[in-house]
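Read through the structure below, which is laid out as structure tokens, and then see the notes.
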Amino acid sequence: LTPLTRRFAEVPIPRVTLEAVDKTLRQAGPATLRIIKDYEQQVAQREEKERGGGKGGSKKWKGKKGKGEQGLESLADLEFDTVWANPAGLRHWGLDSLEMLIQFSDQRGVRKAKFVHYILEACNQLTLDELDPQPTRHMYYHYGSEAGVKKEANILILQVTPLLVQVKGKVYYGLLYEHDALQKYEREVMDTVTRSHAVFRYTETALTIFTASGIILQQNPLSCTLFGIVASENTMYSDFGRDGKPLDRLRALFGERKALYESMLEAIEKRNSVWSKRMFIRKKDLKPTSIANDDQEEEEEQGLEEEEEEGMWFAVSFNKFSDPADGSMAIFCEMKDIHKMVLQEQKLKRAKRNEHELLQSIIPKHIIDQLLEEKAVERAANESYKRSISFASQSSQTSEGSDRLLDIAAVQMINVNRVRAMAEHHEQVTVF
């Protein structure tokens, strides 16, 4: 046994040999087996990275057993090796050999989508951290068996079973993937899909699905109140502007902010990441009649402040995915109304600015500089905590400009050391 597999000594996890897996599942539906061969080496490399000052980015996973485990960022970062697949498993991905599947799996691992990352982390956490070896089931879209080509998708159930498997005399922790598992009951897939659509329909976040050319494919009721009922799912005719051309509503959403639009596309298409930002979106950009020339827009809007226009503040998030209808790229947009909160922040900032100006008029400059320095040090100490805040809470962060503004509370002389730090020496001056 390896140090990783020893933790399952008292756990009722399936224990098999690779030969037994092959004999039992060779003629079954599509299945593959992946194991962790070099767990200790992965931990050591991660620890070395941490000692070398490498930027991990996400929270570290601190396992319950073993000091060495503290170096891993998350359980989704564990690397598995594909060691077996039955003939149906190879055909499922349009491949001819185990070697091709191994290469295919490595490529998918490098660019795995966020949702896959989350599922892997949850599966490994359930088994490795909570020592619960029960199989888990996940609905997914299979875009055909032609390697490198995405077609109309089928909805399948992936069943993942943790196990201990003996390979060449050594026991490893692994996951058995059944890529087309049987439904637990006849309507399992249908019920899962309808529940997911119910969430899409009843959420208080405006959800909109765009094509790559900016046409709205699908929208929930809240999105309809913003864009109008314009999705191809809800209308009988194509969405054309006054000029007779299809409306690129995704591009229109950004108005004349072309650079911002391009940064969003770069993030979701090239970096395969989620793009999130607080945006002031004008009403005329939500319901455009045509897409004007960028230079013309800039000339017409020059000098016009956002707050003076009719519009609202939103926390906006964009991500891409493969459309199950045909495998083409689609863009998913979330818009959360934060207009009242932003107006309150702006009101608070104006009040702080007035308070700061009042303090400047009655307090010496060297004391103000000292107080601002203290505030900067305090902000730097909290910076690591702020980086861990998710997109949902980013909308509540105040602007960095407010860090250069003092409030009355900052002026209080709460201890002797603070008084000494701000005191100035003047000869022949006595203070009673």
Side-chain angles (χ1 to χ4, degrees), residues 203-211 213-235 237-265 275-318 331-354 391-399 401-402:
T203 181
E204 287 299 307
T205 300
L207 305 178
T208 313
I209 300 174
F210 297 89
T211 66
S213 57
I215 296 173
I216 295 181
L217 273 177
Q218 194 172 343
Q219 55 186 159
N220 69 351
L222 188 55
S223 171
C224 291
T225 66
L226 301 177
F227 293 94
I229 303 177
V230 293
S232 56
E233 176 194 61
N234 304 111
T235 58
Y237 306 102
S238 298
D239 188 19
F240 289 95
R242 292 177 181 175
D243 54 5
K245 298 179 180 179
L247 278 174
D248 185 345
R249 289 184 175 270
L250 180 58
R251 173 65 186 88
L253 198 62
F254 289 79
E256 68 274 8
R257 294 168 292 190
K258 183 179 180 181
L260 196 63
Y261 169 74
E262 291 176 345
S263 72
M264 181 274 294
L265 289 181
W275 187 90
S276 303
K277 194 173 184 64
R278 300 202 322 181
M279 290 178 58
F280 182 85
I281 300 178
R282 302 171 301 188
K283 183 177 179 180
K284 67 179 183 179
D285 293 334
L286 286 166
K287 297 182 178 180
T289 55
S290 62
I291 308 300
N293 177 273
D294 292 325
D295 296 333
Q296 179 183 350
E297 282 282 340
E298 291 178 3
E299 292 176 2
E300 293 176 354
E301 303 297 335
Q302 189 174 9
L304 190 60
E305 294 293 333
E306 287 179 338
E307 289 77 8
E308 296 177 358
E309 301 179 75
E310 188 176 1
M312 295 178 61
W313 282 96
F314 292 92
V316 183
S317 176
F318 289 94
I331 298 174
F332 180 59
C333 172
E334 300 175 69
M335 296 173 62
K336 188 73 175 178
D337 180 3
I338 57 169
H339 191 69
K340 290 183 179 180
M341 183 183 69
V342 172
L343 294 184
Q344 289 294 327
E345 287 180 357
Q346 293 174 345
K347 184 177 180 180
L348 178 61
K349 186 175 179 180
R350 286 193 294 268
K352 283 187 175 182
R353 184 177 291 109
N354 292 336
F391 160 71
S393 59
Q394 285 179 9
S395 57
S396 63
Q397 295 179 4
T398 56
S399 63
S402 63

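All values reported here derive from a predicted model rather than from experimental measurement.
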Once you measure the plane-to-plane angle for His339 and Phe280, does it fall in the parallel (<30°), tilted (30-60°) or perpendicular (>60°) bin?
tilted
Applying side-chain contact (heavy atoms from CB on, under 4.5 Å) to Thr205 and not counting sequence neighbours gives Thr203, Leu207, Glu334, Lys336
Rounded to the nearest 0.5 angstrom, the CG-CG distance for Leu343 and Leu348 is 12.5 Å
With heavy-atom distances below 4.5 Å as the criterion, would you say the side chains of Leu253 and Leu286 are in contact?
yes
With sequence neighbours left out, the residues meeting salt bridge (Lys or Arg N to Asp or Glu O under 4.0 Å) with Lys287 are none
side-chain contact (heavy atoms from CB on, under 4.5 Å) filter on Ile215, not counting sequence neighbours, yields Thr211, Ser213, Pro246
dist Thr225:OG1 -> Asn220:CG (nearest 0.5 Å) comes out at 8.5 Å
| request: Please indicate whether Leu260 has more than 12 foreign heavy atoms, meaning atoms of other residues, nucleotides or ligands, lying under 6.0 Å from its CG. | output: yes
d(Cys333 SG, Arg249 CZ) to nearest 0.5 Å is 13.0 Å
Shortest non-hydrogen pair, Ile281 vs Arg257, comes out as CA-NH2, 4.5 Å
Any idea how Trp275 and Phe318 line up, ring-wise: parallel (<30°), tilted (30 to 60°), or perpendicular (>60°)? tilted
Taken to the nearest 0.5 Å, the spacing of Lys277 NZ from Met264 CE works out to 12.5 Å
Residue set satisfying ring-ring contact (aromatic ring centres under 6.0 Å, His included) with Tyr261, at least two apart, ordered chain then number -> Phe254
**Study point:** Side-chain touch Phe314/Leu226, heavy atoms, less than 4.5 angstrom
**Key:** yes
query: Taking side chain as C-beta onward, heavy atoms only, is Glu345 less than 4.5 Å from Trp313?
result: no
Applying side chain to side chain donor-acceptor pair (under 3.5 Å) to Ser223 and not counting sequence neighbours gives Thr208, Gln219
**Request:** Please tell me if the side chains of Met312 and Lys283 come closer than 4.5 Å, counting only heavy atoms from C-beta onward.
**Result:** no
